[in-house]
Amino acid sequence: MLYIGIDLGTSSVKLILMDETGKIQNVVSEEYPISFPKSGWSEQNPKDWYDKTILGIKQLVDGFDKTQVAGISFGGQMHGLVTLDKNDNVIRPAILWNDGRSTKETDYLNTVIGKSNLSKYTANIAFTGFTAPKILWMKENEPENFNKISKIMLPKDYLAYRLSGTFSTDFSDASGMLLLDVEHKCWSKEMLEICGIREEQLPTLFESFQVVGTLKEEVANEIGLSKQVKVIAGAGDNAAAAVGTGTVSEGSCNISIGTSGTIFISGENFRVDPNNALHSFDHSDGKYHLLACMLSAASCNKWWMEDILKTADFSKEQANITKLGENDVYFLPYLMGERSPHNDPMARATFIGMSMDTTREEMTQAVLEGVVFALRDSLEVARSLGLKINKTKICGGGAKSNLWKKMVANIMDVEVEVVESEEGPALGGAILATVGCGVYKGVEEAVNTIVKVRETVYPERELVEKYNNRYQKFKELYPALKPVFQKLQVE
């Protein structure tokens, strides 16, 4: 049988067709626009997601035996606010995860409602990216639209609703809304009251691997599949990517160096970082995870290469970097402010430690190292909670750089495992579909069968020691510069 995994990203939808052994039969990608109607705003039309997904499915299964397609599931961009009226019409463009308009509402939640109360209600504090502040913004600034709301959903759940007719979400994605009681896996009545919404406006909650329905007859006819094809709830993109890298057992870790950077740590039990520097979310395997998210990771290197050095030859710029652990130049990677662990939108990127003999290679090295040092900041928070992280999977664009992988291994003192397939959330979605269709008894059994490691990068003791000494200096830079960043923003 065949299974479809759909990764609903910010710039495109990626679809894979996979058999039950994990062999990928076909891959299709379709792009759609993103709009920035005002400074700091970021929106998309949900209809574009659906139209491109339908087009993608048709292309994906073309030439294959369509009767063999058994299930469809998702990984999707998190936090976006999608609202429908009583007639299921989209009320306004979706407000995306990287939209910053809700600073006022976020401050209200963290200061007036209070971080301790938010953590008690949801296991997390407010960030502008989360969904609840967006709802408050809509309530304050677009009351007519707010009053029309019949359904509130997340981006991938809009696809599931259009495909199956079931108003659903999963626990991993819902964890990032600041509306879910993560520990007890139910909607928080306190947060619903704070946001002025009713539980019937929110979707039914499912585990990521549970079946929410089957294809609607008209959809099945349009894409040429059976109306018996199962639609499985799916997961937020980070949790889906974790499934795609096999990050599902206690203490297992996945580091993603993509546009943003994340550290995903799977756990059997519910945990909360007392300082809320890490997000505490439900996992797509039915358990829990901690998540750290830095806003600028591989995007720092892209900015440095393309905008500053004016080159697209990334590998050439890294070729002459050989003196690892000995660079006197440091780079703080806060091009868009920072989320984990500092939660400081005023933080900014900076180079420090340059002299007259500083070279181009040293500055390039500093950018790469700075991203990993900043990720280590969050890893140290996890280790302070008693988690022993000695090994990690790696994914994202940064995983293609041998130099970057070596830096991760030695700056963090972990074994770095690279998996065979780099299809990320789409692969995770397809694996969740196999579980939902009963091919495997659970997510862990599925990933143990499907996900294979093709390469391991080991830390080198001498280099670990050198980098540890440098990290001790790096971690002093942000606290020292924080008041400067605040003054810069005031001016």
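Scope of the values below: all heavy atoms of this structure, side chains included, with no hydrogens, waters or symmetry mates. We're numbering straight along the sequence, starting at 1.
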NZ/NE/NH1/NH2 to OD/OE distance under 4.0 Å, [X] and [Y]:
X	Y	value
Asp51	Lys47	yes
Glu326	Lys466	yes
Asp170	Lys156	yes
Glu43	Arg101	yes
Arg271	Glu250	yes
Glu361	Lys323	no

Ignoring hydrogens, what is the shortest heavy-atom contact between [X] and [Y]? Give both atom names and the distance.
X	Y	result
Cys253	Ile265	SG-CG1, 4.2 Å
Ala70	Met1	CB-CE, 3.8 Å
Pro155	Gly80	CD-O, 3.5 Å
Asn26	Leu60	ND2-O, 3.0 Å

### Task
Show the numbers, then the answer: is there a side-chain hydrogen bond (donor to acceptor under 3.5 Å, both in side chains) between Asn448 and Tyr440?
CA-CA 10 Å; Asn448 287 341; Tyr440 300 99; over 6 Å; no
Testing the 3.5 Å rule here: is there a donor-acceptor pair between the side chains of [X] and [Y]?
X	Y	result
Asp413	Tyr467	no
Arg461	Asn410	no
Gln318	Ser401	yes

### Task
Quickly, which of His283, Glu444, Lys287 forms a side chain to side chain contact (heavy atoms under 4.5 Å, CB included) with Ser266? Name it, please.
His283
### Query
So with a 6.0 Å cut-off around CE of Met305, is the heavy-atom count from everything else above 12?
yes
### Task
Flag yes if more than 12 heavy atoms outside Lys405 fall under 6.0 Å of its NZ atom; otherwise flag no.
yes
### Message
Within this structure, what is the CD1-CG distance for the pair Ile411 and Leu368, rounded to the nearest 0.5 Å?
### Response
9.0 Å
### Query
Does Asp273 reach the main-chain N or O of Leu278 with its side chain, forming a donor-acceptor pair under 3.5 Å?
yes
#### Entry: Polar side-chain atom of His289 near backbone of Asp282 as donor-acceptor pair, under 3.5 Å
yes
### Message
side-chain hydrogen bond (donor to acceptor under 3.5 Å, both in side chains), that's the test. Do Asp99 and Ser42 meet it? Break it down for me.
### Response
CA-CA 5 Å; Asp99 185 288; Ser42 179; 5.5 Å; no
### Qualifying residue, where the test is salt bridge (Lys or Arg N to Asp or Glu O under 4.0 Å) with Arg454 and the options are Glu420, Glu422, Glu417
Glu422
### Query
Is the centre of the Phe127 ring less than 6.0 Å from the centre of the His79 ring?
no
### Task
Please find out if less than 6.0 Å separates the ring center of Trp304 from that of Phe351.
yes
### Query
Applying the ring pair (Phe, Tyr, Trp, His ring centres under 6.0 Å) test to Phe270, which of Phe171, Phe281, Tyr288 qualifies?
Tyr288
